Amino acid sequence: MPHILMVLTSHDRLGDTGKKTGFWLEEFAAPYYVFKDAGADVTLASPQGGQPPLDPKSDEPDAQTDATRRFKADAAAQAALASTVQLDGLAPADFDAVFYPGGHGPLWDLAYDARSIALIEATLAAGKPLAAVCHAPGVLRGAKAQDGTPLVRGKNVTGFTNGEEAAAGLTDVVPFLVEDMLMSHGALYTKQADWQPHVVTDGLLITGQNPASSEPAAHALLKALGSPA
């Protein structure tokens with residue numbers, strides 16, 4: 001039974017817009033159930049612990065999927081999400097893999113969080129797989145390889161595209177654009193048409209382009225663990 005850590009944002013402010021942000025519900029719910037249905041033990045964490053903020057747009061009717069509807073009927077899953085553990089209290093050695101759901105929130109906190117960066121570096125250095133989907137590849141911004149170079153340099157990756165961010169109307173609101181950041185750090189970035197599923201696996205690092213990529217990214221993580229996907 002693999003032990004998978006899912007790390008969610010604690011950030012709820014969408015820049016200076018006065019609007020709320022957080023994690024994207026489908027990007028949490030779909031991987032969560034992929035892991036649970038595969039028999040994995042799942043731990044949920046966030047920088048501040050407790051209930052992570054939900055991006056209200058991800059709770060709108062047109063953003064719902066089978067996984068989000070399942071979550072809304074699952075009292076145990078809701079209770080687990082409401083009581084995430086703080087990153088401070090975690091030991092990377094306790095987990096077999098790590099998954100970062102997206103939403104805009106991670107661009108403000110997890111991308112700069114020293115505890116998250118250390119978790120990413122330690123996970124990959126220990127030969128364990130790590131996945132990040134949609135905006136969550138932004139959490140790789142500060143991570144370094146063991147030789148001190150950017151972790152993503154020379155790695156095949158994907159993440160939320162500039163076109164998708166423009167369609168969301170937030171190009172000038174976010175602290176950085178995921179696509180631009182990955183490329184500026186030397187990553188070998190690829191993408192498909194906006195909103196189409198696209199998952200890239202490079203060794204232990206798995207990245208997904210957008211919400212539609214969250215479930216296939218979770219399956220890719222299980223495959224990297226050698227578990228039935």
Side-chain angles (χ1 to χ4, degrees), residues 1-9 22-46 51-52 54-55 58-59 62-85 90 92 94-103 105-106 110 116 119-120 123-124 127-140 156-160 178 192 195-229:
M1 180 188 295
H3 194 174
I4 299 174
L5 174 66
M6 298 184 74
V7 182
L8 297 101
T9 183
F23 74 95
W24 197 261
L25 181 57
E26 193 276 343
E27 295 171 26
F28 160 72
Y32 178 82
Y33 287 115
V34 168
F35 300 147
K36 295 294 281 187
D37 290 347
D41 184 10
V42 179
T43 294
L44 307 180
S46 63
Q51 176 72 55
L54 174 67
D55 187 315
S58 74
D59 206 25
D62 63 354
Q64 301 315 298
T65 65
D66 289 345
T68 65
R69 286 185 282 270
R70 180 177 173 185
F71 172 74
K72 290 183 177 184
D74 186 343
Q78 293 171 31
L81 183 66
S83 55
T84 67
V85 298
L90 297 175
D94 292 341
F95 304 98
D96 300 306
V98 179
F99 189 99
Y100 282 82
L110 291 169
S116 177
L119 171 68
I120 292 165
T123 297
L124 294 170
K128 300 175 181 180
L130 182 140
V133 69
C134 198
H135 285 89
V139 307
L140 304 171
N156 295 289
V157 300
T158 190
F160 205 60
V178 174
Q192 297 296 320
W195 316 114
Q196 296 304 303
H198 180 48
V199 174
V200 175
T201 299
D202 189 326
L204 297 167
L205 182 62
I206 299 158
T207 47
Q209 179 177 319
N210 47 32
S213 309
S214 59
E215 185 169 328
H219 285 293
L221 186 68
L222 287 181
K223 183 178 179 181
L225 282 167
S227 299

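Everything numeric here is computed off the predicted structure, so don't read it as measured data.
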Give me the atom names and distance for the closest heavy-atom approach of [X] to [Y].
{"X": "Ala29", "Y": "Ala67", "answer": "CB-O, 3.7 Å"}
{"X": "Trp195", "Y": "Ala212", "answer": "O-CB, 3.7 Å"}
{"X": "Asn156", "Y": "Val200", "answer": "O-CG1, 3.2 Å"}
{"X": "Pro137", "Y": "Val178", "answer": "CB-CG1, 4.2 Å"}
{"X": "Ser46", "Y": "Thr84", "answer": "OG-OG1, 2.8 Å"}
{"X": "Glu27", "Y": "Gly103", "answer": "OE1-N, 3.4 Å"}

State, with a plain yes or no, whether a side-chain heavy atom of [X] is found less than 4.5 Å away from one of [Y].
{"X": "Leu204", "Y": "Lys128", "answer": "no"}
{"X": "Gln64", "Y": "Leu25", "answer": "yes"}
{"X": "Trp24", "Y": "Cys134", "answer": "no"}
{"X": "Leu8", "Y": "Pro101", "answer": "yes"}
{"X": "Leu130", "Y": "Leu140", "answer": "yes"}
{"X": "Leu54", "Y": "Leu81", "answer": "no"}
{"X": "Ile4", "Y": "Leu225", "answer": "yes"}

Exercise for the section: Could you tell me which residues satisfy ring pair (Phe, Tyr, Trp, His ring centres under 6.0 Å) with Tyr100, sequence neighbours excluded, listed by chain and number? Expected result: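 Per chain and number, Tyr100 pairs via ring pair (Phe, Tyr, Trp, His ring centres under 6.0 Å) with no residue.
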
Practice task
Among Thr201, Ile206, Leu205, find the residue that satisfies the side-chain contact (heavy atoms from CB on, under 4.5 Å) test when tested with Val157.
Solution key: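 Among Thr201, Ile206, Leu205, the one that satisfies the side-chain contact (heavy atoms from CB on, under 4.5 Å) with Val157 is Leu205.
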
Donor-acceptor list for residues 32-39 side chains, cut-off 3.5 Å, not counting sequence neighbours:
residue : atom : partner : partner atom : Å
Tyr33   : OH   : Asp74   : OD2          : 2.7
Asp37   : OD1  : Arg70   : NH2          : 2.8
Asp37   : OD2  : Arg70   : NH1          : 2.9

Looking at [X] and [Y], would you say the former's side chain and the latter's main chain have a donor-acceptor pair under 3.5 Å?
{"X": "Glu26", "Y": "Thr65", "answer": "no"}
{"X": "His3", "Y": "Asp94", "answer": "yes"}
{"X": "Thr158", "Y": "Thr207", "answer": "no"}

Handout entry: Asp59 side, atom CG; Lys72 side, atom NZ - distance, nearest 0.5 Å
Key =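 So the gap between those two atoms works out to 3.5 Å.
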
Exercise for the section: Assign the ring pair Phe23 / Phe28 to parallel, tilted or perpendicular, where the plane angle (0 to 90°) is split at 30° and 60°. Expected result: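 Because their plane-to-plane angle is over 60°, the rings of Phe23 and Phe28 count as perpendicular.
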
Exercise for the section: Quick one: list whatever passes side chain to side chain donor-acceptor pair (under 3.5 Å) with Asn210, sequence neighbours left out. Expected result: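 If we apply the side chain to side chain donor-acceptor pair (under 3.5 Å) test to Asn210, skipping adjacent residues, the hits are Glu164, Ser213.
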
Practice task
Take Phe95 and Leu90 through the test side chain to side chain contact (heavy atoms under 4.5 Å, CB included) and record every step on the way to the result.
Solution key: CA-CA 9 Å; Phe95 304 98; Leu90 297 175; 3.8 Å; yes

